[in-house]
Novice: 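Supplied in structure tokens, the structure appears directly below.
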Amino acid sequence: MFAIKAEVADPLTDTFAFVAQKTMYGGKHIGKGDTIFIFASENEGGAGLIASGVVTSAKAIARKPGVARQTPRVSVTIRRVARAKRRLGRRELKPFVDWNDGRPESELNFKFYRQATNKIVGISAEAAAFLREYF
């Protein structure tokens with residue numbers, strides 16, 4: 001299971017395309033057919049969790065030659081399956097700062113908001129089950 005936090009131009013679209021997205025916490029392993037939860041980045045004016053979907057294509061971006069440290073990047077296309085029915089974003093996850101407490105809220109806060117950059121992340125089954133409650 002995966003989640004992405006990115007700039008979303010049209011949160012009501014049926015298909016999302018994200019080009020050369022940074023990956024962390026196992027996000028580079030995303031592939032066609034994977035389930036993904038889409039967060040519209042609050043840094044870009046978004047509202048947090050907006051949709052769940054299925055990855056219809058995923059392509060790793062080649063690393064730049066001569067650059068020692070590079071974060072893996074992936075371009076993905078996602079078909080929306082459902083729209084979120086309740087709000088879940090930085091404000092709701094901010095109180096969950098004990099990152100070792102095993103709570104899905106804490107996992108999401110750590111992976112998305114410890115470093116505020118947009119990214120694709122791998123998430124646990126517990127975090128995925130928690131996110132499904134919003135649909």
Novice: Please report, to 0.1 Å, the donor-acceptor pairs under 3.5 Å made by any side chain of residues 45-69, with sequence neighbours excluded.
Specialist:
| unit_1 | atom_1 | unit_2 | atom_2 | d |
| --- | --- | --- | --- | --- |
| T56 | OG1 | T77 | O | 3.2 |
| S57 | OG | T77 | OG1 | 3.2 |
| R63 | NH1 | Q70 | O | 3.0 |

Novice: Taking the side chain as everything from C-beta on, heavy atoms only, tell me whether Q21 gets closer than 4.5 Å to V74.
Specialist: no
Novice: For T13, check side chain to side chain contact (heavy atoms under 4.5 Å, CB included) against everything at least two apart and list the hits.
Specialist: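 With neighbours one apart ignored, the set is D10, F16.
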Novice: Between K119 and K111 (side chain of the first, backbone of the second, donor and acceptor by atom type, cut-off under 3.5 Å), is there such a pair?
Specialist: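 A pair under 3.5 Å: yes.
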Novice: W99 vs F110 aromatic rings, parallel, tilted or perpendicular, using cut-offs 30° and 60°?
Specialist: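 Judged by the thresholds at 30° and 60°, the geometry between W99 and F110 is perpendicular.
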Novice: Are F112 and E42 close enough that some pair of their side-chain heavy atoms sits under 4.5 Å apart?
Specialist: no
Novice: At what distance, to the nearest 0.5 angstrom, does CG of L108 lie from CD of E126?
Specialist: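 Output value for this atom pair is 11.5 Å.
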Novice: Using a 4.5 Å cut-off on heavy atoms from C-beta on, say whether the side chain of F37 contacts that of R132.
Specialist: yes
Novice: Quick one: CD1 on I120 to NZ on K28, what's the gap to the nearest 0.5 Å?
Specialist: 13.0 Å
Novice: Could you list all the salt bridge (Lys or Arg N to Asp or Glu O under 4.0 Å) pairs where at least one residue sits in residues 85-98, not counting sequence neighbours?
Specialist: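 For residues 85-98: R87-E92.
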Novice: If you round to the nearest 0.5 Å, how far is CZ of R80 from CG of D14?
Specialist: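 Rounded to the nearest 0.5 Å, the CG-CZ separation comes out at 4.5 Å.
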Novice: Is the closest side-chain heavy-atom distance between L88 and F39 below 4.5 Å?
Specialist: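 SC-SC contact between L88 and F39 confirmed.
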